[in-house]
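Labels below follow one simple rule: chain letters A, B, ... track the order of the sequence lines, proteins then strands, and each chain is numbered from 1.
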Number of protein chains: 2
Amino acid sequence: MRVTKAQAEQNRAHIVATASRLFRERGYDGVGVAELMAAAGFTHGGFYKHFRSKADLMAEASASGLSQTVARTEGLDPAEFVERYVSREHRDGRGDGCTIAALGGDAARQPADIKTEFAAGIENLLTALQSQSDTPGDADQRAARMMVIDMLAHSVGAIMLSRACPDGAPLADEILDVCRKEILASLAQGNSDQPAARSPET
Amino acid sequence: MRVTKAQAEQNRAHIVATASRLFRERGYDGVGVAELMAAAGFTHGGFYKHFRSKADLMAEASASGLSQTVARTEGLDPAEFVERYVSREHRDGRGDGCTIAALGGDAARQPADIKTEFAAGIENLLTALQSQSDTPGDADQRAARMMVIDMLAHSVGAIMLSRACPDGAPLADEILDVCRKEILASLAQGNSDQPAARSPET
DNA sequence: CTTTTTAGATGACGATCGTCATCGTATTGC
DNA sequence: GCAATACGATGACGATCGTCATCTAAAAAG
């Protein structure tokens, strides 16, 4: 039963979106093609009319998820980003959360095309964050990039560490609370123009 | 062909060590029982004489890898730890590196017993790091714990982010270099007794 | 020494995996 | 309106998955 060209394109997008969520929840190896298509409301047959292989979909779903994270970050200053990122809500919502935090560990074991998507996604996220960092100068541009790189790694590490703990474990929440506080503190310190900073102890 | 009781115990330990390495390199789902036993020098048959299931071995291999990381960390002060942890050698040596960085993302999707092993491993690592942090007092004990939690999450995030980039990508090295410098700087700052710290710009 | 036990090898099981062949049907291009 | 096209459904393929049954021979128990 053939469908409209627009409908087919919409179905394809829906498959990618479903895959992006399922992969984040269960990992690339944790969900098969048949189950994935069923979750999107189809049978497994039509899969290869849309994608050349599962690896192809993995790359596309990763790119889609990374773009989503970048889009949601645009307009947020670093402190706002940290407040939302290093939170219990984000930790407990893998499927709807950051693709880097959910699949970064898996991406390291995947072929080059997927890692390339991740590097591009990270770069885009850095740009989005840096653009909301109030730094006009030229040497400040490099300092701002270093700051957002450091902050992103810090935030990603906090989420991954917290997620590796059993549900409800005190350590899981402790990691999140300690890291959020420290990251925000280092942001407040780094915001001043000179390294000799006053830290007004919010 | 039966073997000595001591030999069997040694074989079992060898299987666990092999599994710990292979899981770190390819993930829990990336290596099957048969391939794992072959890598250890056996056939798949004897597996269930040693372990009740693959999930059981996953938990045991995780605990083994985590203990190894803790053992290698004991005696290192936080700065020494960071120098070794946030390095290209560590990033490129998954199979021999930290289990938290290699499997932390996968552990989040595993049953509770594995996550419990990870939480215990993290706690032991925190204790080892905190014991080498020169802080005698009582309030300082809590501050030192917060410091090592933050430092560990920061370091883990740096490695995972760098590993998600393609081999040889400039961004991969940049992340490592920026984060190592920043983590060491925040250690130097946090070492002073009062939050109003002088930062001597090493 | 005899009997019992068990580590490990061999082989097979049902299930699931990614992928492909075939077909029907509804939408395109003419 | 007719012919060509292609989305999606159905079904099956070989391979691999975790697990178990059976067999063996040598170590442990008596």
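Heavy atoms of A/Thr43 sit under 4.0 angstrom from at least one base atom. Residue contacts for B/Gly32: at a heavy-atom cut-off of 4.0 Å it reaches the sugar-phosphate backbone alone, with no base atom in range. At the heavy-atom level, B/His44 lies under 4.0 Å from base atoms of the strands shown.
To the nearest angstrom, P of D/dG8 lies 5 Å from CZ of A/Phe42. C/dA15 atom C1' lies 14 Å from atom CD of A/Glu35, rounded to whole Å. Rounded to an integer number of Å, the gap from A/Asp56 CG to C/dT19 C1' is 13 Å. Here C/dC20 presents its P atom at 15 Å from NZ of A/Lys54, a figure rounded to the nearest Å. The distance from atom CG of A/Leu36 to atom P of C/dT19 is 12 Å, rounded to the nearest whole Å. Summarising the geometry, the separation between CD on A/Gln10 and P on D/dG8 is reported as 11 Å, rounded to the nearest angstrom. Regarding B/Phe47, its CZ atom lies at a distance of 13 Å from the P atom of D/dC17, rounded to whole Å. For the pair B/Gln7 CD and C/dT6 P, the computed distance is 18 Å after rounding to whole Å.
Mapping B/Thr4 and A/Gly45 onto DNA chain D by nearest heavy atom places A/Gly45 closer to the 5' end of the strand.
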Intermediate values then yes/no, side-chain contact (heavy atoms from CB on, under 4.5 Å), A/Glu182 and B/Met151: CA-CA 10 Å; A/Glu182 295 289 339; B/Met151 184 209 71; over 6 Å; no
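Between the base of C/dG8 and the side chain of B/Lys49 there is a donor-acceptor pair shorter than 3.5 Å. Between the side chain of A/Arg2 and the base of D/dT5, a donor-acceptor pair under 3.5 Å is found.
Relative orientation of the A/His154 and B/His154 rings is parallel, given thresholds of 30° and 60° on the angle between their planes.
For A/Lys5, the side-chain atoms get nearest to C/dT28 when compared with the rest of D/dC7, C/dA7, C/dT28.
Distance alone, capped at 3.5 Å, is enough to place a donor-acceptor pair between the A/Ser87 side chain and the A/Arg84 backbone.
Residue A/Gln130 is tested with A/Gln141, A/Met146, A/Met147 for a side chain to side chain contact (heavy atoms under 4.5 Å, CB included); the sole match is A/Gln141.
The side chain of B/Tyr48 places an N or O atom within less than 4.0 Å of a non-bridging phosphate oxygen (OP1 or OP2) of D/dT19.
A salt bridge links A/Lys115 with B/Asp167: the closest approach of a Lys/Arg side-chain nitrogen to an acidic carboxylate oxygen falls below 4.0 angstrom.
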